[in-house]
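Inspection log for the structure reproduced underneath, given as structure tokens.
Ligands are counted one by one from 1 in listed order, and the atoms in each one are counted from 1 as well. For reference, positions follow the sequence shown, starting with 1.
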Amino acid sequence: MSFKKDFLWGAAAASYQIEGAWNSDGKGFSTWDHFAEKQGAVYQGQTGKIACDHYNRYKEDVGIMKEIGLQSYRFSLSWPRVIPSGTGKINEKGLDFYSRLVDELLSQDIIPFPTLFHWDYPYELYMKGGWLNPDSSDWFAEYTAAVVEKLSDRVDRWFTLNEPEVFIHMGHVSGEHAPGVKLQKRDTIRMIHNVLLSHGKSVQAIRENTKQPAQVGMAPVCSVVIPHNDERNTVKAAEKLMFAPDTEENFTAWSNSWWLDPVFLGHYPEESLKHLGKYLPAGYEKDMEIISSPVDFLGNNHYHGYYVSSDDEGNVIHHGAPVGEALTGFNWRVTPEGLYWGPKFLYERYGKPIIITENGLSNKDWVSLDGKVHDPQRIDFTNRYLRQYKRAAEEGVDLAGYFHWSIIDNFEWAFGYRERFGLVHVDFETQKRTIKDSGYWYGDVIRSNGENL
Ligand code: GCO
């Protein structure tokens with residue numbers, strides 16, 4: 001046995017990417033509703049207005065999850081569906097959708113594992129400065145409390161934020177995602193601090209409002225640096241680079257240590273503060289205790305990493321893609337060792353159980369003449385990554401779960417419906433679902449608790 005007996009096997013999705021019903025039953029406008037209106041922002045002008053129509057088809061979709069054999073479903077709630085203006089009046093119909101979804105999951109013995117925020121931010125709050133506003137963390141805590149009050153009699157585990165590195169960098173630095181702004185370094189660092197504070201206040205709101213003991217964590221990207229060989233110098237160089245301090249010149253919003261040290265160690269990385277501390281809000285130190293409110297696990301959304309080695313003098317050597325290497329539908333590299341080294345390095349630094357909250361690939365899937373969707377690439381990709389993850393488990397890394405991205409083909413942000421990540425195929429003209437070969441294969445992995453890998 002390599003994965004623990006209580007290891008949790010699931011699959012993930014997110015509100016804006018699958019729900020549709022963009023303005024139904026009192027839902028408020030989100031920054032992704034807004035961004036998708038912008039000419040050229042999304043592939044072929046596609047939007048999440050309908051998506052997989054999961055808002056209306058959730059019972060069918062939960063039935064498919066049951067047929068596959070999922071133990072848990074990681075979904076996100078649309079903040080403006082719950083509180084249309086972001087703060088203040090709750091939209092009971094919107095909150096009721098998630099209550100019904102939770103009931104349906106539990107009726108099928110599937111554990112609900114919600115993420116409170118997966119990028120569809122209330123437009124009305126964006127108009128008030130969004131995450132830059134000093135009140136933004138209180139807004140998020142208020143929303144968290146409303147959701148936990150409603151669902152925590154049946155939900156006992158939560159993620160606060162999904163990939164804050166992405167919604168800050170791509171949403172507010174490069175502008176490729178909603179809300180599509182391009183902030184300067186000072187504003188970005190201020191915004192990151194407010195997001196970290198939002199996470200901390202959300203953890204506290206969960207602890208204060210839950211109706212039963214609950215587990216809480218966050219689901220960041222955690223960019224992974226992979227040793228090109230097992231030599232000691234190389235491993236040390238890769239781990240050092242994965243948590244490298246930030247400087248004035250190299251700061252990006254992707255920094256693992258800048259994001260995770262405050263949450264898990266209670267402080268920003270000292271070396272980085274020498275360069276970037278001047279951009280933090282005056283008195284930021286008083287927030288660090290809230291930011292580092294104890295959590296129960298660390299999520300890691302891993303798709304691909306990059307390889308490095310070290311020469312005898314400790315100089316880092318970057319190993320680029322070999323000619324003709326395997327690539328996914330998105331032209332992402334296939335780097336399965338990342339699901340060994342990433343969890344290992346993260347566990348050694350932060351000491352919290354690891355959950356792979358996303359892992360998967362987009363693939364050029366279609367329904368074959370036999371009516372099935374044959375996706376051997378997804379099976380082979382997932383087999384390779386899970387074997388590496390299993391290796392980490394066998395070596396004692398505390399692994400609590402794995403969520404495949406995604407349960408269903410969905411709206412892939414700026415690429416619309418071009419990229420198919422699902423274990424289940426969707427015909428977006430008819431909304432017909434077809435479980436892919438990988439979905440059936442994954443069910444066998446779950447039933448064997450990974451022993452058949
Ligand atoms: C992310 C998001 C998902 C994406 C998936 C594929 O990690 O970017 O959490 O919403 O759809 O990762 O890019």
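Considering Glu419, Glu358, Gln17 only, the shortest heavy-atom separation from atom 2 (C) of ligand 1 involves Glu358.
Remark: the Ser99 side chain and the Asp96 side chain contain no N/O donor-acceptor pair separated by less than 3.5 Å.
Ligand 1 places these atoms under 4.0 Å from at least one heavy atom of Trp332: 13 (O). Of all the atoms in ligand 1, the ones that sit under 4.0 Å from a non-hydrogen atom of Glu412 are 4 (C), 5 (C), 6 (C), 11 (O), 13 (O). Every atom of ligand 1 with a heavy atom of His118 under 4.0 Å away is listed here by number and element: 2 (C), 3 (C), 9 (O), 10 (O).
Ligand 1 lies out of reach of Val166, whose nearest heavy atom is not under 4.0 Å from it.
At the top of the distance list for atom 7 (O) of ligand 1, counting protein heavy atoms only, stands Glu163 OE2, 2.3 Å. Looking at atom 12 (O) of ligand 1, its nearest protein heavy atom turns out to be Tyr303 OH, 2.7 Å.
No salt bridge links Asp375 with Arg420; every basic N to acidic carboxylate O contact stays at or beyond 4.0 Å. The pair Asp427-Arg433 does not count as a salt bridge, with every side-chain nitrogen at least 4.0 angstrom from each carboxylate oxygen. A salt bridge does not link Glu412 to Arg418: none of the charged side-chain nitrogens sits closer than 4.0 Å to a carboxylate oxygen. Salt-bridge check for Lys27 with Glu19: failed, with every basic side-chain N at 4.0 Å or more from each acidic carboxylate O. For Glu124 and Lys128, the salt-bridge test fails: no basic side-chain N is under 4.0 Å from an acidic carboxylate O.
Proximity of Asn410 to ligand 1, defined as any heavy-atom pair under 4.0 Å, is not found for any part of the residue.
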